[in-house]
Amino acid sequence: MLAYLVRRILYALPILIGVNLITFVLFFVVNTPDDMARMHLGMKRVTPEAIEKWKVERGYDRPLLYNRQAEGSGSLTDTIFFDKSVRLFAFDFGASDSGRNIGEDISQRMWPSLAIALPVFLIGLLVYISFAMLLAFFRGSYLDISGVVLCVVLMSISGLFYIIGGQYLFSKILHLVPVSGYEPGWLAWRFVLLPVAIGIFAGIGSSSRWYRTIFLEEINRDYVRTARAKGLPELRLLFRHVLKNAMVPILTGVVVVLPTLFMGNLILESFFGIPGLGAYTIEAIQNQDFAIVRAMVFLGSVLYILGLLLTDLSYTLVDPRIRLS
Amino acid sequence: MIQPVILWTDALVFLLTAVVLAFALYARRREHLRAPWREVVRSRMAVASLVVLCVYAVTGLLDSVHFRQALEMQEGQVEVQYSGEVTSLLDLLLGPMRSQDEKTYSAPFATRLFTKETVIGPDGEKSRTWPRLKYGGVHLDDPATQKGPDIARRVARAASESMLLMLITGLLLAFLLARKWRQPLLPVLRAMLRGKTDIPWRTALGTILVFVMVIALIVNLSGAYHVLGTDKVGQDVLYQTIKSIRTGLVIGTLTTMIMLPFAVMLGMLAGYFRGWIDDVIQYLYTTLNSIPGVLLIAAAVLMMQVYVANHPEMFETMAERADVRLLFLCLILGITSWTGLCRLLRGETLKLRELDYVQAADAFGVSKFNILMRHLLPNLMHLVLIAVVIDFSGLVLAEAVLSYVGVGVDPTTMSWGNMINRARLEMAREPVVWWSLLAAFTFMFTLVLAANLFSDAVRDAFDPRLRTQR
C-alpha cells in the first residue's frame with residue numbers, strides 16, 4: 001500500500017513538470033517578458049528603463065529555458081522557468097504581478113469557496129442519487145419517462161439562465177435573500193443559500209440521468225434477478241444491493257472532483273460576488289495577472305492528481321476485490 | 001460588384017459540409033452503414049430534432065458565405081474600392097433588420113423608445129416623453145389603436161402563407177412517396193396523415209410547419225417592427241440572435257473536427273502498440289487533463305489577445321480578426337476536450353486488438369497500418385460519432401460561459417454568450433429589460449435541446465450495448 005502511494009506520488013512529478021512546461025510555453029513563448037511588462041505598465045510611452053525595472057522586480061530578467069552564459073548546471077537552473085517552477089513545487093506561490101502575496105490570498109479565499117462548493121457537492125449528490133433511484137424504481141412507467149424528459153430539458157438550459165433567473169426571482173422579486181455579497185462567519189448562510197440551491201439545480205438534469213442509467217445497468221444483472229426471485233422486496237433490493245454496487249461507477253466520477261472543490265466554482269462565485277478562489281481566478285484572468293493564473297493552474301493540477309489517487313483508494317474501500325499493487 | 005471573402009472558419013465549415021455530404025453519398029450504397037441511420041430516422045423525436053438542426057445548419061451555412069460589397073465609385077476613381085465591412089448572404093436576406101437601428105432600448109413590438117427623452121414639440125414646448133421609434137411601427141399614424149389590428153393582420157397573412165406552402169410541400173412529398181412505393185396517391189396520403197409511414201413524415205412536416213410559420217412571421221413582421229426589441233445601442237435583437245447561430249454551430253462542430261484526428265490517431269496508437277507509446281500518450285493526456293479546463297482556455301486566449309494586439313498588420317478587416325479568435329477558441333477547446341475520447345478509444349482498441357479477426361489479419365501478414373485503418377478504425381467509428389454528437393451541445397453551452405468570463409469569442413462577434421454577458425446588467429434596470437436575454441436563451445435552448453434529443457437517438461442506434469438497457 002505504502003509502496004503504491006510512493007510510486008503514485010513519484011509518477012505525479014513528471015505530470016506536474018509537464019503542466020508547468022505547458023503553461024510556461026503558453027505564457028512566455030508567444031509573448032516575451034518585454035510584452036508583458038509593456039502591457040502591465042500601459043501600452044504606450046514606456047521607457048526601456050521602466051520595462052527593465054519591472055522585469056528585474058519580478059525576476060523576468062533572465063533567459064527563458066536555457067542560460068548560455070551560466071556555467072555547469074547553472075545553464076538550466078538560472079532561468080525563469082526553473083526559478084518559477086521550483087518555487088511552485090514548494091507551494092511558494094510568491095507575489096502576483098500586482099504585488100500581492102498569492103499564498104496568503106489563496107488561504108484566505110479558500111473558505112468562501114468551500115462554503116459554496118462543499119454543500120453543492122454533498123447535497124447535490126444526495127439529491128441526484130435520490131431522484132435517480134426514484135426514476136429507477138418506477139422504471140418504464142410514465143413517471144420515469146416524464147422524469148427523463150424533464151432531465152433532458154433541464155440539461156439543455158444554460159447554467160447561466162438558472163443563475164440569472166434565480167437571482168431575479170428570489171432576490172429581486174421575492175426579496176428572500178440578498179442579490180450578492182458575502183460575510184464571514186455563520187451569517188454567511190444568507191448569502192450562500194441561493195448559490196448553493198442554484199448550483200444543485202443546474203446539475204440535476206445531467207447527473208440524475210447518468211445515475212439512472214448506472215442503476216438500470218445494475219438492475220438488469222443476474223444477482224438482482226436472483227435476489228428478486230428469492231422474494232426480496234423491491235425497495236430493499238434497490239438500497240441494499242443495487243445502490244451498493246452502483247457506487248463503484250459513481251465514485252469514479254465523483255471522487256476525482258472532490259479535491260478540486262477547493263478551486264471554487266468560477267461562475268457561481270463571480271455572479272454572486274463571493275470572494276472565493278473561483279472569483280479570484282476570474283479576476284486574475286480579467287486583469288491578465290499571469291503569476292496568479294500560473295499558481296492556480298498548478299494548484300488545480302495538484303488537486304486533480306490527488307483526486308485520481310483518492311479515486312483509486314476509494315475503490316479498495318467499496319470493492320474489496322480490487323487490490324492496489 | 002462584390003469581392004468574396006473566405007474566412008478561416010468559413011473554409012472549415014465548407015470542408016465539414018463537403019465531408020458530411022461525401023459520407024452521405026458513400027453510405028447510401030452500403031447497407032451496413034445505412035442500417036443504423038435508418039433506425040435513427042424512424043424515431044419521431046430524432047426526426048423532429050433533425051429538422052430543427054437542419055434549419056439551424058442552413059442558417060449557419062448562409063451566414064458563412066461572406067463577401068465585401070463594392071463602395072460607390074467616386075469621381076475620377078479607376079479601381080473599385082470595397083467596403084471594410086464583411087457581410088454574408090444571411091445579412092442580405094435579413095436586410096432591413098440589419099440596418100434599421102434605433103437609438104437605444106425598445107421593447108418587442110414597441111413603437112416608442114424604452115427610455116424617456118426630452119422632446120421639443122411642434123409648438124416649441126419641451127416635454128419629457130417616450131419618443132417614437134425611427135423604424136419600429138413608423139407606418140402607423142396612431143400606434144395606440146392601429147398597432148393591434150396591424151400585427152393581427154400580418155400574423156394572419158403569415159399563417160395563411162405558411163399553411164399554403166405546407167399544403168403544397170405535403171402534397172408534393174406524398175406524390176414523391178407514392179411514386180417511390182408505386183402506390184396510388186390517396187392511401188399514401190392517408191398513411192402519412194395518420195403517422196403510419198415507416199419514417200415519421202407527419203412529425204417531420206409538423207416540425208417544418210412550425211419553422212415555416214416562424215420564418216413567415218419574421219418576414220411579415222420584422223420589416224415594420226422590432227419583433228424582439230432592440231438592445232442598448234438600438235440594434236435589432238432578433239438579428240443578433242439569428243447571427244449568433246453561426247457562432248454556436250462553429251464552436252460546436254469545428255472544435256470536435258479539429259480535435260478528432262488527434263484523439264482518434266493517438267487513442268488507436270496507444271491501444272494497439274501498447275508499451276512505451278502507450279506510456280507517452282497516457283502521460284500526454286493525463287498532463288493536459290490535469291490542467292483545469294477554464295484556466296487553460298483562459299491562459300491561451302489571453303496569450304492570443306496579446307499576440308493579436310502586437311501584430312495588427314496581419315488582419316485586414318475586423319471580421320478577419322474576430323474570425324481568427326473564433327478559430328483559435330475552437331482549437332483550444334479541442335485541446336482541452338480530446339482527452340476523454342482518446343481514453344475511450346484506447347480502451348476500445350485494447351479490447352479489439354485481441355479479437356480473432358485482428359489476430360488473423362496479423363497472422364496473414366497484413367501490415368500494421370492496414371490493420372489500424374481497415375480493421376480497427378471502422379469498428380471504432382460508432383464511438384467517434386456518438387462522442388461528436390454528445391459533445392456538440394456541451395460546447396454550445398460552454399461558449400456562453402466562456403464569453404461571460406471574458407475569454408470567449410471576440411466581443412464584436414455576435415454570439416449568445418456575448419448577448420447574455422451584455423444583458424446581465426439589464427436585469428437590474430427598472431423596469432427590466434428582458435428581451436435580449438430571453439431571445440439568446442431561447443435560441444440556445446432550442447438548439448441544445450434538439451442536439452441532445454438527436455444525440456440520444458444516435459446513441460441508441462449505434463451503441464447496441466446501451467440499447468438493451470432500455
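- The structure places OG of A:S158 at 11.5 Å from CZ of B:F445, a figure rounded to the nearest 0.5 Å.
- Counting heavy-atom neighbours within 6.0 Å of B:R44 CZ, excluding the residue itself, gives a total of 12 or less.
- For A:Y162, the OH atom is densely surrounded, since the number of other residues' heavy atoms within 6.0 Å is greater than 12.
- Here the CD1-CG distance, from A:I22 to B:L296, works out to 7.0 Å after rounding to the nearest 0.5 Å.
- In terms of heavy-atom pairs under 4.5 Å with chain B, the best-connected choice from A:V293, A:L299, A:V152 is A:V152.
- For B:V401, the parts lying near chain A are the backbone and the side chain together; criterion is any non-hydrogen pair under 4.5 Å.
- Note that CZ of A:R294 is 13.0 Å distant from CG of B:L295, once rounded to the nearest 0.5 Å.
- Distance check, rounded to the nearest 0.5 Å: CD1 of B:I291 to OH of A:Y304 gives 11.0 Å.
- In B:M45, the CE atom is not crowded: 12 or fewer heavy atoms of neighbouring residues, nucleotides or ligands sit closer than 6.0 Å.
- In terms of heavy-atom proximity, A:V153 sits nearest to B:L449 at CA-CD1, 4.0 Å.
- The CE atom of B:M444 lies 6.5 Å from the CG atom of A:L160; values are rounded to the nearest 0.5 Å.
- Interface residue A:F271: backbone and side-chain heavy atoms are both found under 4.5 Å from chain B.
- Separation of atoms CD1 (A:I164) and CZ (B:F441) is listed at 4.5 Å; rounding is to 0.5 Å.
- Of all the listed residues (A:M155, A:M296, A:K172), the one sharing the greatest number of non-hydrogen pairs under 4.5 Å with chain B is A:K172.
- Only the side chain of A:R209 comes within less than 4.5 Å of a heavy atom of chain B; its backbone N, CA, C and O stay farther away.
- Contact annotation for B:L447: neither backbone nor side-chain heavy atoms come within less than 4.5 Å of a heavy atom of chain A.
- Proximity to chain A (any heavy atom under 4.5 Å) is shown, for B:N289, by both the backbone and the side chain.
- Here the closest non-hydrogen pair linking B:P292 and A:S301 is CD-N, 4.2 Å.
- Only the side chain of A:L308 comes within contact range of chain B, with heavy atoms under 4.5 Å apart.
- Environment of NZ in B:K232: sparse, with no more than 12 heavy atoms of neighbouring residues, nucleotides or ligands closer than 6.0 Å.
- Annotation: side chain of B:V432 is in contact with side chain of A:Y168 (closest heavy-atom distance under 4.5 Å).
- The closest side-chain heavy-atom distance from B:V448 to A:I157 is not below 4.5 Å.
- For the options A:S156, A:G300, A:G165, heavy-atom pairs under 4.5 Å to chain B are most numerous at A:S156.
- Heavy-atom distances place the side chain of A:T281, and not its backbone, under 4.5 Å from chain B.
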